[in-house]
Amino acid sequence: MAVVNELRGWWVVAGTLIKLVYTASCGGGAGAELRFAKFERRRLQECFDFIRAQGLVRCNGSAMGSSKENMTLKASGGGAYKFTEDFREKLGVFLDKVDEMDSVVSGANFLLQNIPGAAFTHMNGKRSSIDISPNNLFPYLLVNIGSGVSILKVTGNKKFERVTGTHIGGGTMFGLAKLLTGCKSYDEFLQLSQKGDNFVLDLIVKDICGELVCQKQGLSTSTLASSFGKVITSKKKLTDYRPEDLASTLLSAFTYNIAQISFLVASILGLRRVFFGGSYIRGHKSTMENISYAIDFWSQGQMQAVFLQHEGYLGALGALMSYGDPGDKITNFEETKEEENIHESAVPVDGTSTGEHNDGNIFPYLLVNIGSGVSMIEVIGNGKFERIIGSHLGGGTILGLARLLTGCSSYDEFLELSQRGNNLAVDLTVGDIYGEHGYPKIGLPASTTAASFGKVSSSRLAEYKVEDLAAALLNSFTYNIGQIAYFVANLSGLKRIFFRGAYVCGHEKTMDKISRSLKYWSKGQVQTTFLCHEGFLGTLGAFWSYENMGIDGLAAHDVIREVLLGAPYTGQLPSLPLTKQEDNGEGMTFEGEVERLRHDNAMLKSELERLQRENAELKAKLVKSGKPNTL
């Protein structure tokens with residue numbers, strides 16, 4: 001049995017959790033083992049009691065306080081700054097702060113280089129260990145899922161770069177889960193999600209165009225089109241939905257999004273090895289299944305999602321490594337309890353700003369259509385375009401969640417609420433975690449959003465202003481759309497991005513948020529242009545038809561006939577309603593196309609029913625005549 005008689009400190013104090021890793025000598029000189037423990041921040045006193053009970057606050061054989069020599073322990077994470085005085089006053093311990101990103105990478109490298117079976121995949125319900133040679137480990141992409149998500153390119157021991165991140169992470173899932181389901185802990189949220197059905201709230205391709213059109217277009221009927229998209233047309237209130245279904249929808253929405261961003265970043269950097277860590281994974285099967293499925297789907301089987309044992313303790317392990325590598329002494333692992341981390345920055349791009357547009361230089365470009373979901377279309381010439389990717393977090397997600405959280409009845413009402421709100425009432429910033437100076441080592445100012453809805457502490461929805469919730473929703477998803485669009489354009493080598501769609505055009509604040517997002521991610525190298533209805537923006541400049549844009553073949557499915565190019569949104573445009581397009585004989589409206597498809601679908605169903613009746617009648621006649629039934 002192992003006994004604790006070697007004292008090393010060893011923990012990460014994050015924004016939500018305190019995670020401890022410490023070494024314990026094994027009897028008979030048989031080496032040492034690593035032990036893991038975890039406590040919620042609100043149970044800080046329990047953490048102190050545990051440390052005392054394990055004898056971890058002794059120094060040179062003396063009880064803490066009996067020696068003039070103060071004990072110093074390694075600590076990493078935002079809480080290492082926030083709780084320094086608590087540790088000193090309660091335990092007499094001084095925290096020696098270790099950089100968080102350094103610790104996370106060191107912890108991951110330690111596991112991958114020293115612990116057999118530390119890496120594994122989880123696909124189709126099967127967990128499989130991965131053997132990785134330490135000599136063939138680098139480079140790899142490390143996706144650390146905490147309150148927010150940090151994505152790092154690791155090229156060697158103590159050699160890495162934080163290339164980007166996203167504010168939609170574990171803190172977003174848990175914050176929204178508290179508000180929507182009333183759950184008190186992340187583990188409770190995960191348990192709820194296991195019993196739910198996301199298709200109750202999610203809009204899938206079949207819901208939009210029917211099975212026959214899916215078959216004709218070669219689309220899977222179950223493909224996710226818009227998370228929470230069914231809420232838009234439903235008359236149900238939040239209390240009418242099961243907490244289990246809400247939890248399942250949240251989990252799929254955000255794990256798929258994290259996986260998609262990870263795939264895009266890995267593709268941009270030319271990496272095929274993607275490791276996922278962070279305390280919000282928790283070894284949870286559905287979380288790993290969702291990430292694995294999404295990575296496999298987006299990469300067309302060219303990438304695998306790989307997970308790590310003790311994935312929530314990477315930072316704490318790295319803090320332990322700062323004492324010196326104990327890898328050759330470790331013979332065993334023992335985990336005592338179990339829950340967090342965060343961040344935000346941009347992948348380099350070879351981009352240029354867009355100037356005046358004309359027929360000669362418009363191609364190629366990326367067209368981003370924001371409807372219930374998001375479609376991204378690469379246009380390379382007249383009549384030459386292809387949908388290359390999409391996102392399930394679109395306007396339908398924003399409005400669906402807005403209806404559940406604020407009770408608003410329309411998108412315009414939601415936008416009006418957001419104008420009066422303050423997202424910082426519920427969003428967690430880098431300053432909330434690291435203090436007023438932010439995280440300068442990786443270029444994150446204190447004002448950067450670390451985790452949307454990451455500051456939500458109560459499960460009582462009524463305690464939050466609907467205006468603040470609306471502002472946080474708009475912030476979260478518009479920045480996410482802008483980030484994904486930027487990565488897709490980068491990966492495709494496109495330097496121009498045009499946005500359109502009913503959830504964008506005519507809505508000043510939405511356009512402003514997307515413009516800011518593109519400016520942030522591209523470091524000002526990409527200029528945002530919106531393609532809107534002729535009823536507004538017309539006074540600003542020349543119009544271009546779909547034919548001039550090379551997508552006149554797409555116009556038959558659009559409500560917008562003419563588009564403005566070359567005049568980026570400046571934040572001074574009036575917000576006017578979309579007007580219906582009249583069918584002038586040159587192309588059918590979107591509504592008309594939908595109606596035609598519905599009519600065709602009804603005709604086909606009618607024909608199928610007629611054939612089934614005739615088949616039944618023939619069978620009956622054959623049975624009556626006594627002839628063999630060969631039908």
I need the Phe498 CZ to Leu366 CG distance, nearest 0.5 Å.
10.0 Å
Between Ser252 and Asp202 the two heavy atoms that sit nearest each other are OG-OD2, 3.7 Å
Looking only at side chains, do Thr429 and Asp432 share a donor and an acceptor under 3.5 Å apart?
yes
Separation between CZ (Phe263) and CZ (Phe487), nearest 0.5 Å, reads 12.5 Å
Side-chain touch Leu264/Ile389, heavy atoms, less than 4.5 angstrom:
yes
Pairwise side chain to side chain donor-acceptor pair (under 3.5 Å) hits with a residue in residues 262-277, at least two apart:
none
With side chain to side chain donor-acceptor pair (under 3.5 Å) as the rule and sequence neighbours excluded, what pairs involving residues 385-397 come up?
Ser375-Arg387
Please state whether the rings of Phe499 and Phe530 are parallel, tilted or perpendicular, taking 30° and 60° as the class boundaries.
tilted
Should we count OH of Tyr293 as having more than 12 external heavy atoms under 6.0 Å?
no
Are Tyr280 and Tyr186 an aromatic pair, judged by ring center distance below 6.0 Å?
yes
When rounded to the nearest 0.5 angstrom, what is the spacing between OH in Tyr365 and CD1 in Ile497?
13.0 Å
Determine whether His167 and Asp427 make a side-chain contact, defined as any pair of heavy atoms from C-beta on separated by less than 4.5 Å.
no
Counting only heavy atoms from other residues, nucleotides and ligands, does the tally under 6.0 Å from CZ of Arg516 exceed 12?
no
Under 3.5 Å, is there a donor on one side chain and an acceptor on the other for Thr164 and Tyr486?
no
